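This report concerns only the one structure given below.
Quick note: numbers below take in every heavy atom, side chains included, and nothing from hydrogens, waters or symmetry partners. Small disclaimer: the values here were computed from a predicted structure and weren't measured. Counting begins at 1 with the first residue of the sequence.
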Amino acid sequence: MKSIRIFTPATVANLSCGFDVLGCCLDTVGDEMLISLTSEPGIRITKIEGADLPMETDKNVAGVAVQALLLDYKRDLGVTIEIYKKIKAGSGIGSSAASSAGAVWAVNHLLGNPYTPQELVKFAMEGEKLASGNAHADNVAPALLGGFTLVRSYNPLDVIKLHSPKDLVMTVIHPQIEVKTSDSRSVIKHNVSLQQAIHQWGNVGGLVAGLFTEDYNLIGRSLEDVIIEPLRSILIPEFKNVKNAAIEKGALGCGISGSGPSIFALSKGLKIATDVAEAIRVVYAKTGLEFDIHISQINSNGVKIIEETQ
């Protein structure tokens with residue numbers, strides 16, 4: 001029996017201007033998974049710690065993602081999955097994506113890597129579809145490819161890994177309230193004005209250009225969302241005060257992480273990111289809500305091997 005234990009990272013999706021198309025991978029926050037190939041055909045989830053999640057293969061995002069991979073691989077294999085959750089469900093930092101991406105990455109590795117990381121994205125998206133009703137790739141893509149990623153197209157699927165400036169550091173605050181992705185998506189308008197669209201795609205282009213040229217001021221100017229954030233921010237207590245505090249302490253930009261309730265702030269350098277963390281801690285300490293704060297550099301590799309056995 002071949003087994004692999006992996007670290008499967010948390011991610012920040014949307015990055016303000018890039019709803020459903022932009023995301024980045026965190027380095028210090030994530031789950032662990034133990035995936036094994038066995039002689040008994042079928043996919044079995046044998047252990048879940050840290051969260052109350054379904055053990056049934058067809059109801060668990062990791063199981064569904066691996067099913068999609070093996071259906072394409074066209075071989076009847078045995079796979080067992082153990083999940084050790086450290087990313088809380090509904091946190092807005094890619095809890096379901098970590099399980100989906102980690103599972104397909106590990107199985108692919110154990111099979112000798114027949115698929116590229118880009119090809120794995122479509123399988124992991126099936127897990128996201130189960131979790132939220134929408135097969136989006138803005139979390140699973142950076143988890144699989146590492147760094148910053150852009151989904152240029154969903155049909156056909158075209159995922160691009162972007163440049164990750166080394167000085168970028170992410171600060172994330174996670175209020176201990178749950179905002180389900182499906183609920184958060186329900187507040188979004190399906191039609192936007194041409195003026196809003198022009199503003200938004202200008203920011204997307206600016207952010208991509210800023211990453212490749214390592215123009216931190218341009219990155220900061222581009223971290224602006226005129227379409228989604230005004231609607232979703234009302235679901236997150238103290239959002240505006242957190243954003244103002246982060247910017248005052250020098251963050252390049254601040255916005256909603258994924259569907260929320262987590263809020264991210266992107267900074268140049270660990271010192272500013274740490275100052276930002278303290279400032280937003282002060283804001284949230286007054287709310288009476290429990291919260292976690294994470295400070296993380298950008299993970300340029302994605303899923304990482306902890307241990308492998310033959």
Side-chain angles (χ1 to χ4, degrees), residues 9-30 87-88 90-95 97-98 136 138-139 141-143 146-150 162 164-165 167-177 179 181 184 203-204 207-208 210-211 216 219-233 235-270 272-281 283-284 291-300:
T11 48
V12 172
N14 300 340
L15 298 173
S16 293
C17 58
F19 178 70
D20 272 6
V21 299
L22 286 173
C24 73
C25 186
L26 302 184
D27 195 45
T28 58
V29 191
I87 310 171
K88 293 182 174 65
S91 61
I93 53 174
S95 179
H136 56 98
D138 49 346
N139 287 105
F148 289 83
T149 57
L150 167 71
L162 307 176
S164 298
D167 289 337
L168 287 179
V169 182
M170 191 73 78
T171 305
V172 179
I173 181 168
H174 171 217
Q176 299 297 302
I177 60 173
V179 176
T181 303
S184 188
N203 281 329
V204 172
L207 180 54
V208 171
L211 291 172
Y216 293 95
I219 291 170
R221 296 198 305 274
S222 303
L223 289 170
E224 179 191 24
D225 180 2
V226 299
I227 297 175
I228 307 299
E229 184 179 295
L231 301 172
R232 281 184 166 174
S233 60
L235 302 175
I236 304 172
E238 295 294 322
F239 174 79
K240 289 184 179 179
N241 288 334
V242 167
K243 185 170 184 175
N244 289 337
I247 298 300
E248 286 175 6
K249 285 297 182 179
L252 299 171
C254 181
I256 302 170
S257 177
S259 59
S262 287
I263 304 168
F264 80 89
L266 193 59
S267 302
K268 181 182 179 182
L270 183 59
I272 294 176
T274 303
D275 291 345
V276 167
E278 184 55 35
I280 61 181
R281 186 189 306 276
V283 172
Y284 249 85
F291 59 91
D292 296 322
I293 293 181
H294 308 288
I295 300 173
S296 176
Q297 293 181 312
I298 305 304
N299 172 356
S300 61

Item to check | Test log, rule side-chain contact (heavy atoms from CB on, under 4.5 Å), inputs Phe19 and Ile227 | outcome: CA-CA 9 Å; Phe19 178 70; Ile227 297 175; over 6 Å; no

Checklist entry - Just by distance, do the side chain of Asn14 and the backbone of Asp20 share a donor-acceptor pair under 3.5 Å? => result yes

Item to check | Ion pair check, Arg232 and Asp225, cut-off under 4.0 Å | outcome: no

Next on the checklist: Rounded at 0.5 Å granularity, tell me how far CD1 in Ile228 sits from OG in Ser233.
Outcome noted: 11.0 Å

Checklist entry - Quick one: does Asp167's side chain have a donor or acceptor within less than 3.5 Å of a partner on Lys268's backbone? => result no

Checklist entry - If we only count heavy atoms from C-beta on, is the Ile295 to Leu270 side-chain gap below 4.5 Å? => result yes

Item to check | Exercise: identify the closest heavy-atom pair between Ala277 and Ile293 | outcome: O-CD1, 3.5 Å

Next on the checklist: Is the shortest side-chain heavy-atom distance between Phe239 and Ile256 below 4.5 Å?
Outcome noted: yes

Next on the checklist: Just verifying a value: how many Å separate Leu162 CG and Leu150 CG, rounded to the nearest 0.5 Å?
Outcome noted: 5.5 Å

Checklist entry - Is there a side-chain contact (heavy atoms from CB on, under 4.5 Å) between Ile93 and Val172 once you walk through the steps? => result CA-CA 9 Å; Ile93 53 174; Val172 179; 3.9 Å; yes

Item to check | Between Asn139 and Thr11, a side-chain donor and acceptor under 3.5 Å | outcome: yes

Checklist entry - Can you check whether Ile298 reaches Asp27 side chain to side chain, under 4.5 Å on heavy atoms? => result no

Checklist entry - Do you know which two heavy atoms are closest between Cys25 and Ala143, and how far apart they sit? => result SG-CA, 4.3 Å

Checklist entry - Does a sphere of radius 6.0 Å around NZ in Lys243 hold more than 12 heavy atoms from other residues, nucleotides or ligands, not counting ones at 6.0 Å or beyond? => result yes

Item to check | Heavy-atom side-chain contact between Ile177 and Pro237 under 4.5 Å | outcome: yes

Checklist entry - Would a 4.5 Å heavy-atom cut-off, applied to side chains only, mark Leu26 and Met170 as touching? => result yes

Checklist entry - For atom CD of Glu224, is the number of surrounding heavy atoms from other residues, nucleotides or ligands below 6.0 Å larger than 12? => result yes

Checklist entry - Atom OH in Tyr284, atom CG in Asn241: separation rounded to 0.5 Å? => result 9.5 Å

Checklist entry - Which heavy atom in Pro261 sits nearest to a heavy atom in Gly90, and how many Å separate them? => result CD-O, 3.1 Å

Checklist entry - Any idea which heavy atoms bring Asp292 and Lys88 closest together, and the distance? => result OD2-NZ, 3.4 Å

Checklist outcome for this item: Given the options Pro165, Cys24, Ser164, Leu211 meets side chain to side chain contact (heavy atoms under 4.5 Å, CB included) only with Pro165

Checklist entry - Minimum heavy-atom separation for Ala273 to Thr171, with atom names? => result O-OG1, 3.0 Å

Item to check | Rounded distance (nearest 0.5 Å) linking atom OG of Ser95 with atom CD1 of Ile87 | outcome: 5.5 Å

Checklist entry - Between atom CG of Leu15 and atom CG of Leu22, what is the distance when rounded to the nearest 0.5 Å? => result 5.5 Å

Checklist entry - Taking all non-hydrogen atoms of both residues, which atom of Cys254 and which atom of Ile247 are closest, and how far apart? => result N-CD1, 4.2 Å

Next on the checklist: Whether the side chain of Ser257 engages the backbone of Gly92 through a donor-acceptor N/O pair (distance < 3.5 Å, no angle test) should be reported.
Outcome noted: yes

Checklist entry - Is there a side-chain contact between Gln297 and Leu168 (heavy atoms, below 4.5 Å)? => result no

Checklist outcome for this item: CD1 of Ile280 to CD of Glu248, rounded to nearest 0.5 Å, is 13.0 Å

Checklist entry - With a 4.5 Å limit on heavy-atom distance, are the side chains of Ile219 and Leu207 in contact? => result yes

